[in-house]
Amino acid sequence: MKREKKERRTGLPELPNAVKGNVVLRFAPNPNGPLSFGHARGLVINSTYAKEWDGELILRFDDTDTTVKPPLPIAYQQIPQEAEWLIGFKPHRIVIASERMPHYYEYAMKMLNEGFGYVCRCSGEDFKQFRESKTPCPCRDNSVELNIHLWNNMNDGTFVPGDAVVRVKTDMEMKNPALRDWPALRIQDTQKNPHPREGIGSKYKVWPLLDFQSAVEDYLQGVTHIIRGKDLMDSTRKQTLLYQHFGWKYPETMYWGRVKVHEWGGFSTSQMRRDIEAGLFEGWNDPRLPTLSALKERGITAQALRNFWVELGVTQKDISVPLSTLYSHNTKEIDASAPRVSFVKNPIQVSLSGECPDHVSIAVHPNDKSMGLRKFELNNNSVYLNSEDCQQNEVRLKDFCDINLDGSSAQITSIERKDRRPIIHWVGSNCVDAELIVVENGEIMSIAGKMENHQHPIGTMLQLERIGYGIIVAENKIVLTHD
RNA sequence: GCUCGUGUGGUGUAGCUAGGUCCAUCAUAGUGGGUUUUCAUCCCGCCGACCCGGGUUCGAAUCCCGGCACGAGCACCA
């Protein structure tokens, strides 16, 4: 039997044990801020597989922490919108963990009643000792009755945070210390730190931790494949132990490694939140931040982001990628439809002498004549040139004429191109004062200049000739996307 | 420290499960050239890699052992 093993694979690796039409995936961010560039990977990979296998994608808010990473109310609106923008369809289901508490309680009770969970009253410090020395803690042998009693104490306010947690009984001899009797639910002070969801607020004192909540919810939702960061590998192992207790089959799993971007480093939502609150940034869509909203506003397309992440695939390597890779994908997406616009920074006015027409018409896009023409007026034979371009005396105004420069005046020497003199861009008399915003080395710079008149609406991605691609963010205001 | 995971050109990525067709794929970056009245797009060329050391084998990027490096988990965060 012959195998076509040497065929080069393209796109994402095959989803293991997947049945077409019967695949359920999920993307589960903490709504403690809007989505970041890093979240895009989870969304793109999971949604691409969902599409490929006629499956479903669940967007799940893992909002069970009110103290360390408290949820941000606007994120519940913003994340679904950003997700839809990025992946091109609405997630099939949206699940909010904080609204599913009764389910988690049900399985916590089941765990206690069946004796594979217990209420542990050891301090964190003490349990750490037990874990490291592979010693069962004193609470491990609690009777079911005592556990139920203590569970009630956790819920009725007898206990405060730190007094007790519910643990999953695994095996204190487990090789991997992370798996030894791991914590499943704990108490939070929801008087002091209420949950921001309406109706949830201070309703519950006992909250599940990620490993428990996620495990139960994946089961309840019928998730077939979990694809997530490899930092959650131990989470899989913990959850698999829980699944064994319950007699459930754990989903197939795949992992990706850590990603950094050369220019940004990591992208922690919590850190961004602190920096914004400290006034270091203007808000979540400050163009310097690696949030999805900032990227979108800067002119990065959803398709470019998708192509970028699919190309990286789901390897477990920790990688650091340059932004130029993303920019290259973006250029491929937008170039063919980006109208050309002339923007002259450091403009100097130059008056032309010689045979000067009253206007010049230039193609909106050199490779697509159907996009029409743009008209550069030449009232008073006046043009604006970039002063840096005027270091040389003999230049050619792009799509117009050869000139010999002399200070603020210039002689038109030929309409036809006569020699190999450098070609520079320019604007005519029908130009406007405009502002170009450039983000460089973590700084926002504003460059004033003259821009040709155009009637492209806000949001249009265009190409500034000899500068780069940009997006119109306001009248006469362009943000440079990239070269 | 314990546990888990990963190591292919500058950066990513394919190939590794079932060893030969791999003097190793594709992309990006860099570089040279062509088209083009943009420093854009497009096209062509060049550059450049299997972490190290053993072993098995006629043959190893692929299997085994041992190093080394990097990352993550060991939270009453997600």
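Just so it is clear: chains get the letters A, B, ... in the order the sequence lines come, proteins before strands, and each one is counted from 1. All of these numbers come straight from a predicted model, not from anything done at the bench.
With a 3.5 Å ceiling on both atom-pair distances, the Watson-Crick or G-U wobble partner of B:rG1 is B:rC74. The base-pairing partner of B:rU57, taking Watson-Crick or G-U wobble contacts with both distances under 3.5 Å, does not exist among the strands shown. Look at B:rC22: it lacks any Watson-Crick or wobble partner with both distances under 3.5 angstrom. In this structure B:rC42 sits in a base pair with B:rG34, meeting the Watson-Crick or G-U test at under 3.5 Å.
In this model, the phosphate group of B:rC77 is approached by a side-chain N or O of A:R186 to a distance below 4.0 Å at OP1 or OP2. At B:rC76, none of the side-chain N or O atoms of A:S123 fall inside 4.0 Å of OP1 or OP2 (strictly under the cut-off). Phosphate proximity of B:rC74 to A:K238: absent, as no side-chain N or O sits under 4.0 Å from OP1 or OP2. Between A:R258 and B:rA72 there is a side-chain polar atom (N or O) within less than 4.0 angstrom of OP1 or OP2. Between A:K317 and B:rU8, a side-chain N or O to OP1/OP2 separation shorter than 4.0 Å is present.
Spacing between atom CD1 of A:I226 and atom P of B:rA78 amounts to 16 Å, rounded to whole angstrom units. In this structure, A:D335 atom CG and B:rC42 atom C1' are separated by 9 Å, rounded to whole Å. The distance from atom CG of A:D62 to atom C1' of B:rC77 is 11 Å, rounded to the nearest whole Å.
Straight-line distance between the C1' atoms of B:rG53 and B:rA69: roughly 15 Å, to the nearest whole Å. The same atom, P, is picked in B:rC26 and in B:rG45; the two are 11 Å apart, to the nearest Å. Between B:rG54 and B:rC70, the distance separating the two P atoms is 23 Å to the nearest Å. Across the C1' atoms, B:rC47 and B:rU11 are found 15 Å apart, a figure rounded to whole Å.
Contact of A:Q463 with B:rU41 (side chain to base): no donor-acceptor pair of N or O atoms is detected under 3.5 Å. For A:R466 against B:rA40, a side-chain-to-base donor-acceptor contact under 3.5 Å is absent. With hydrogens and angles ignored, a donor-acceptor pair closer than 3.5 Å exists between the side chain of A:R396 and the base of B:rU37.
Closest to the side chain of A:P366, from the set B:rG73, B:rU11, B:rU38, is B:rU38. Looking at the side chain of A:P177, the nearest of the listed nucleotides B:rG73, B:rG5, B:rA40 is B:rG73. Of the candidates B:rG12, B:rG5, B:rG73, the closest approach to any side-chain atom of A:D318 belongs to B:rG5. Closest contact between the side chain of A:P322 and the listed nucleotides B:rC76, B:rU37, B:rU11 involves B:rU11. In the set B:rU37, B:rG73, B:rA40, the nucleotide with an atom closest to the side chain of A:A178 is B:rG73.
Two rings, from A:F343 and A:W426, have their centers 6.0 Å or more apart. A:F37 has its ring centre less than 6.0 Å from the ring centre of A:F308.
Among the atoms of the strands shown, only primed sugar atoms or phosphate atoms (P, OP1, OP2) are found under 4.0 Å from some heavy atom of A:R237. In this structure, A:I319 reaches the sugar-phosphate backbone alone: every heavy-atom distance under 4.0 Å involves primed, P, OP1 or OP2 atoms, never a base.
In this structure, A:W207 and A:H195 have parallel ring planes: the angle between them is below the 30° cut-off, well short of the 60° mark.
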Using side-chain contact (heavy atoms from CB on, under 4.5 Å), reason through A:T301 and A:L86 one step at a time and then give a plain yes or no.
CA-CA 8 Å; A:T301 63; A:L86 177 64; over 6 Å; no
Show the numbers, then the answer: is there a side-chain contact (heavy atoms from CB on, under 4.5 Å) between A:L72 and A:Q78?
CA-CA 10 Å; A:L72 196 63; A:Q78 197 171 340; over 6 Å; no
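No hydrogens or angles considered: nothing links the side chains of A:N142 and A:R121 as a donor-acceptor pair under 3.5 Å.
Contact of the A:Q411 side chain with the A:I403 side chain is not registered, since no non-hydrogen atoms from C-beta on lie closer than 4.5 Å.
Residue-to-nucleotide proximity on RNA chain B shows that, of A:T331 and A:T315, the 5′-proximal contact is made by A:T315. Residues A:K230 and A:L209 both approach RNA chain B. Their nearest nucleotides, taken by heavy-atom distance, put A:K230 toward the 5′ side.
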